Amino acid sequence: MADPILNISGVTKIYGRTVANDAVDFQVETGQIHAVLGENGAGKSTLMKVIYGVVKPDAGTVSWQGETVDIASPAEARRLGIGMVFQHFSLFETLTVTENISLAVEGSKAELTARIRSASERFGLEVEPDARVHALTVGERQRIEILRCILQEPKLIILDEPTSVLPPQGIAKLFETLKTLAAEGIAVVFISHKLDEIRALCDTATIMRGGRVVGVVNPAEETSKSLTQMMIGQEIAEFGTRAPATASREILRVEGLDHVPEDPYAPRLSGLELSLRSGEILGIAGVSGNGQGALMRVLAGEIPTPPDTVILQGEAIGATGPEARRRKGLHFIPEERLGRGAVPGHSLAENVGLTTFHSGLLSSGFLNLRKRRARAAETIEKMDVRCSGPDAAAQSLSGGNLQKFIVSREMALSPQVLIAEQPTWGVDVGAAAAIRQRLLDLRAQGVAVLIVSEELEELMEICDRIQVMFRGRLSPAVAAGQTDIDHIGLAMAGDFDELEATHG
Amino acid sequence: MDVLIFMVSGTLAAATALIFAAMGELVAEKSGMLNLGIEGMMATGAAMGFVAATVSGSYTVGFLAAAVLGALLSAVFAVLTLVFRANQTASGLAIGILGLGLSSAIGKKFESMTLPGVPDLPLGPLAQIPVIGPMFFQLDVMVYLSIVLVFATWYMLNRTRLGLTIRAVGESPENAHALGLPVLWIRAGCVAFGGAMAGIGGAYMSTAYTPLWAEGMIAGRGWIVVALTVFGTWMVPRVAFGAYLFGSISLLELSIQALGVNVPSQLMSALPYLVTIFMLALISRNTLFIRLNSPASLGATFRL
């Protein structure tokens with residue numbers, strides 16, 4: 001075994017009462033693609049921040065190429081030869097590709113343009129040097145981030161959840177690039193929670209749970225199941241067999257919906273059509289930023305549209321506001337939990353009251369606080385939300401727990417239509433499974449469920465029909481059983497024809 | 001013809017104070033720093049410039065002193081907002097009021113005194129060209145410098161590495177920090193430059209445009225500067241256009257009064273402010289354009 005280029009031993013980092021990293025050991029070798037696997041909150045990000053000089057560890061040593069170092073800042077990390085590609089890109093939207101790269105890499109413009117071209121050819125990272133970043137797709141932006149990293153000639157590159165923003169074809173391409181990098185002697189650290197990817201790509205995986213390293217394995221020799229078990233410490237319940245869709249009557253219909261967003265960078269919605277039936281789950285797939293956000297706001301009633309573009313049970317509600325829609329049985333779970341789904345500084349009891357006050361919590365116009373508290377306690381109990389009780393502030397809950405709380409709150413109102421935007425995003429595996437199970441339960445009760453998600457596997461698993469969104473357009477619906485990830489993936493890149501063909 | 005010569009040369013002179021202050025504020029805002037204390041910094045510069053020039057007998061000393069004091073005032077703003085992370089809007093307003101008070105303290109003993117004014121500097125043979133000469137080439141040196149400043153600011157922001165860095169910091173200080181750019185130093189430098197330019201702009205008012213010191217003589221020009229940068233959508237040519245528009249209309253006011261036309265003087269005094277803001281608001285309606293040029297982090301506190 002070669003000497004590791006990066007050797008971390010006994011790193012501990014404590015935030016308040018939370019131990020984010022507990023005596024973590026971590027070694028990376030040159031030319032290796034090394035996965036760091038773990039749930040949200042397992043300590044992956046903290047460890048990476050230590051390596052990249054963003055966070056100073058409370059204890060432990062970091063040695064780089066055999067020497068103990070103190071990485072005090074990202075600039076220092078880069079000087080040592082450590083590069084990082086962030087999950088949320090650190091690009092400047094108003095600048096061109098070359099300008100973005102030149103901020104981090106020395107050299108004249110002409111020289112740089114030439115280097116960009118040659119590196120993008122060598123690693124299969126196509127970019128247009130003079131394009132402005134705001135006009136580029138997420139995949140293109142990621143290529144720029146990686147290029148910018150490579151041009152600094154690092155010896156180690158950290159990629160934080162790089163595949164979460166890519167369509168399936170883009171992932172295959174990214175893997176080629178990473179393999180080329182490793183072959184050139186660069187160490188690659190690949191953070192992910194998607195097991196198939198790790199098994200296909202990585203030589204070694206370090207698995208973290210609750211701030212500790214619980215195993216270092218060769219992922220090719222493991223099964224997804226064994227990796228999951230190490231990652232969450234228990235087996236997750238399999239889904240119960242679900243009855244075939246009993247879809248009967250149409251509940252929600254969107255017809256000829258156009259919308260020009262105020263943000264000039266956001267895509268315009270044009271000619272959207274969808275039909276949601278009772279007792280089914282309809283999934284909207286697509287890379288985020290293709291107009292899903294605006295569609296959700298339209299459906300929730302936050303953006304008013306001409307009345308007859310949104311029809312709920314035969315009633316034109318396009319111009320009706322969110323509260324009125326809620327009274328008609330249409331409930332919405334937004335992507336942003338803090339700020340849109342819940343008020344961060346308010347207690348859970350107050351947050352329950354926000355959407356449920358008209359369902360028996362009012363007496364002669366006044367809120368019945370005792371009832372509200374009881375309702376909150378019920379909401380917490382039904383979804384097993386981990387918190388200190390109805391008085392806990394919404395912002396004190398972890399993302400997954402808060403999401404469970406919001407889902408539980410909306411479900412208690414016995415919705416006829418439930419619209420959920422990225423319901424399991426950033427939620428740990430156990431909570432995600434619980435949320436999916438609840439959505440399936442609703443479906444069994446005859447509720448019409450609409451889900452927007454970037455996770456194709458999730459959509460394929462729980463949806464009856466899937467539509468794909470691309471640049472403000474919506475593909476026709478296909479039955480989930482009659483298509484596969486590849487065809488959905490093509491549609492996510494804009495090719496709707498293939499998808500329609502599978503539907504036949 | 002004389003009227004035209006008067007209008008053009010007069011506009012250039014009337015706009016000079018605004019050009020200096022606006023280019024400074026533009027650079028500061030491009031780095032994400034909304035300095036609302038410009039009015040106070042211009043007033044302080046006007047008082048300091050007048051006093052220093054009177055005492056030393058040198059206009060150069062006057063402008064230098066004004067620039068240094070303007071930069072010092074803005075350094076206070078920088079320390080408040082960058083080190084102590086105070087709210088930019090509130091801090092800017094406070095510093096602005098401090099500047100107004102400082103100006104009257106500095107100028108107290110010099111109230112209503114006058115100076116001969118910065119002399120004109122005919123530019124050799126260029127000044128001899130008929131019509132064009134008197135319009136453009138028989139003005140004082142600060143007018144020429146202000147025009148140079150417009151081109152220099154444009155070149156610096158759009159063609160140099162420094163400009164690229166400033167724009168990057170203004171769009172996203174978080175990303176800039178992640179790349180290892182010295183965000184706080186860049187912002188502090190831009191703010192100090194803005195303060196110095198505001199000081200020079202103020203000093204131009206009191207030593208050249210109307211060479212006297214009177215409290216309140218900046219008369220809202222600092223606020224016009226802030227409006228110019230915003231309605232000029234942070235583009236150097238538009239901001240300069242706004243400044244010259246303001247200059248020409250304020251000149252019109254003088255001409256109309258001289259002609260004896262009976263228009264309420266309060267209305268005439270308000271006219272340059274109204275027309276400038278209206279015109280700039282009219283040309284700045286393209287949202288994509290605004291988004292591309294506006295510093296996205298403007299006014300936001302940067303936390304590491």
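In what follows, chains carry the letters A, B, and so on, assigned in the order in which the sequence lines appear, proteins first and then strands, with residues in each chain numbered from 1. This structure is a prediction, so every number in the text was calculated from the model and none was measured.
Proximity to chain B is limited to the backbone of A/V105, based on heavy atoms less than 4.5 angstrom apart. Of the two parts of B/A176, the backbone and the side chain both hold a non-hydrogen atom closer than 4.5 Å to a non-hydrogen atom of chain A. The part of B/L181 that comes within reach of chain A is its side chain, from C-beta onward, which places non-hydrogen atoms under 4.5 angstrom from that chain. Both the backbone and the side chain of A/E93 come within contact range of chain B, each with at least one heavy atom under 4.5 Å from a heavy atom of that chain.
Between A/Y52 and B/A178, the shortest heavy-atom contact is OH-O, 3.8 Å. Between A/L91 and B/E171, the shortest heavy-atom contact is O-OE2, 4.2 Å.
Per-residue heavy-atom pair counts under 4.5 Å with chain B were compared for A/A77, A/S90, A/S73, A/A75, and the maximum is reached by A/S90.
Residues A/L103 and B/T165 have side chains in contact (heavy-atom distance under 4.5 Å, counting atoms from C-beta outward).
Among residues 140-148 of chain A, the residues having any heavy atom closer than 4.5 Å to a heavy atom of chain B are, in sequence order, A/R148.
For CH2 of B/W234, the number of neighbouring non-hydrogen atoms (other residues, nucleotides, ligands) closer than 6.0 Å is greater than 12. The environment of OH in A/Y15 is crowded: more than 12 heavy-atom neighbours from other residues, nucleotides or ligands sit within 6.0 Å.
B/R161 places a side-chain N or O within 3.5 Å of a backbone atom of A/S102 that can act as its donor or acceptor partner.
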